[in-house]
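Per chain, numbering begins at 1; letters A, B, ... match sequence-line order.
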There are 2 protein chains.
Amino acid sequence: MDPVTFAKALADDTRQAIMKQLCCVWLSVSDIVDGLDGRVNQPTVSHHLKKLEEAGLVDVRKEGRQRLYTLNQERLTMCCGLLIETFAPDYHGAYIPVEEIE
Amino acid sequence: MDPVTFAKALADDTRQAIMKQLCCVWLSVSDIVDGLDGRVNQPTVSHHLKKLEEAGLVDVRKEGRQRLYTLNQERLTMCCGLLIETFAPDYHGAYIPVEEIE
DNA sequence: TTGACATATTGACGACTATCGATATAATAG
DNA sequence: CTATTATATCGATAGTCGTCAATATGTCAA
């Protein structure tokens, strides 16, 4: 996964707010919209979910007429590992075992 | 450090190319411009260095009429640790010891 | 002080993107 | 089949951002 694509997916307040909501739970689009409490409306949330999905940062599951989303923690961890491997080689071995990440 | 600011600093091809050059070495602005091999010119590099500096991702040192930059690997590692702590709690303990990062 | 070099800043322009309202698509209930 | 609910897509708009040419600032040499 390209580190620039990863960074771009994270480079937005609303998207990170959505990611926080999706951490460890499956939520429908409406749930997310409600959780953002009027900050943005449904089409905007769908737009961000699409971007996150393209970056592989969320998983999707269809349930009835809903689409349930959740955060892909493993993918996120791998991308962070790649960042450290690329830009912080002095810390790479110390903090993140390569063989576990790649 | 705000994860959104961190992500925005990384969310550009040219900026990541500059970061790669600055990994483990001190380079002047002209060195970086040369290293990018005509891709962008000097004002653009200065612009990106300013952004990276504001994000705390590079350190600066004055030497004569030059300004030498280098990548702050520790800062980058800390930010990645914060991302994992925030968005991948299931992997946090496993991959990155908190007390070493924060 | 003057000239040359290194870097930063400014202003303009184009590309991208976050957001919205409106609408289309999909799936269920009656 | 029709109505309703859930989500995605479209078109438009405003704001952000990367880039450049031109210029300003700062530093050293002669």
Would you kindly give the [atom1]-to-[atom2] distance between [X] and [N], to the nearest whole Å?
{"X": "B/Asp34", "N": "C/dT7", "atom1": "CG", "atom2": "C1'", "value": "14 Å"}
{"X": "B/Asp13", "N": "D/dC17", "atom1": "CG", "atom2": "C1'", "value": "14 Å"}
{"X": "A/Arg65", "N": "D/dA6", "atom1": "CZ", "atom2": "P", "value": "6 Å"}
{"X": "A/Gln66", "N": "C/dA26", "atom1": "CD", "atom2": "P", "value": "18 Å"}
{"X": "B/Trp26", "N": "C/dA6", "atom1": "CH2", "atom2": "P", "value": "19 Å"}
{"X": "A/Glu53", "N": "D/dT9", "atom1": "CD", "atom2": "C1'", "value": "14 Å"}
{"X": "A/Asp31", "N": "D/dT7", "atom1": "CG", "atom2": "C1'", "value": "13 Å"}
{"X": "B/Leu68", "N": "C/dT7", "atom1": "CG", "atom2": "P", "value": "8 Å"}

[X] side chain near [N] phosphate (N/O to OP1/OP2, under 4.0 Å):
{"X": "B/Tyr69", "N": "C/dA6", "value": "no"}
{"X": "A/Lys62", "N": "D/dT7", "value": "no"}
{"X": "A/Ser46", "N": "D/dA8", "value": "yes"}
{"X": "B/Asn41", "N": "D/dA21", "value": "yes"}
{"X": "B/His48", "N": "D/dC17", "value": "no"}
{"X": "A/Arg15", "N": "C/dT17", "value": "no"}
{"X": "B/Thr44", "N": "D/dC20", "value": "yes"}
{"X": "B/Thr14", "N": "D/dT19", "value": "yes"}

Requested in this report: Look at the side chain of B/Gln73 and the backbone N and O of A/Asp90, then say whether any donor-acceptor pair between them is shorter than 3.5 Å.
Outcome: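 The answer is yes, because a donor-acceptor pair under 3.5 Å joins these two groups.
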
Spatial distance of atom [atom1] ([X]) from atom [atom2] ([Y]) [nearest 0.5 Å]:
{"X": "A/Leu76", "Y": "A/Glu74", "atom1": "CG", "atom2": "CD", "answer": "11.0 Å"}
{"X": "B/Met78", "Y": "B/Phe6", "atom1": "CE", "atom2": "CZ", "answer": "10.5 Å"}
{"X": "B/Leu57", "Y": "B/Cys79", "atom1": "CG", "atom2": "SG", "answer": "6.0 Å"}

Query raised in the report: Which one, D/dT19, D/dA6, D/dT9, comes nearest to the side chain of B/Val40?
Result: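 Minimum distance to the B/Val40 side chain belongs to D/dT19.
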
Report task. Identify whether any heavy atom of A/His47 sits under 4.0 Å from a base atom; if not, whether one sits that close to sugar-phosphate; answer base, sugar-phosphate or nothing. Result ->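 Base contact - A/His47 has a heavy atom under 4.0 Å of at least one base atom.
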
Report task. For A/Lys8, answer base if it contacts any base atom (sugar-phosphate contacts may also be present), sugar-phosphate if it contacts only those atoms, and nothing otherwise; contact means non-hydrogen atoms under 4.0 Å. Result ->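 No contact.
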
Query raised in the report: What residues, two or more places apart in sequence or in another chain, satisfy side chain to side chain donor-acceptor pair (under 3.5 Å) together with A/Asn41?
Result: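 Only A/Thr44 meet the side chain to side chain donor-acceptor pair (under 3.5 Å) criterion with A/Asn41.
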
Query raised in the report: Taking for each residue the nucleotide of DNA chain C bearing the nearest heavy atom, is the 5' side occupied by B/Val60 or by A/Gly64?
Result: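 In this pair, the answer is B/Val60.
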
Query raised in the report: Any donor-acceptor pair under 3.5 Å between the side chain of A/Gln42 and the base of D/dA8?
Result: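 Check passes, donor-acceptor contact within cut-off.
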
Report task. Determine whether any donor atom in the side chain of A/Arg67 lies under 3.5 Å from an acceptor atom in the base of D/dT7, or the reverse, and answer yes or no. Result ->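 It does not, because no donor-acceptor pair links the side chain of A/Arg67 to the base of D/dT7 below 3.5 Å.
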
**Report entry** Single-linkage hydrophobic cluster, 4.5 Å side-chain cutoff, A/Leu36 and A/Val58 together
**Finding:**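 Yes; A/Val58 is reachable from A/Leu36 via cluster members.
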
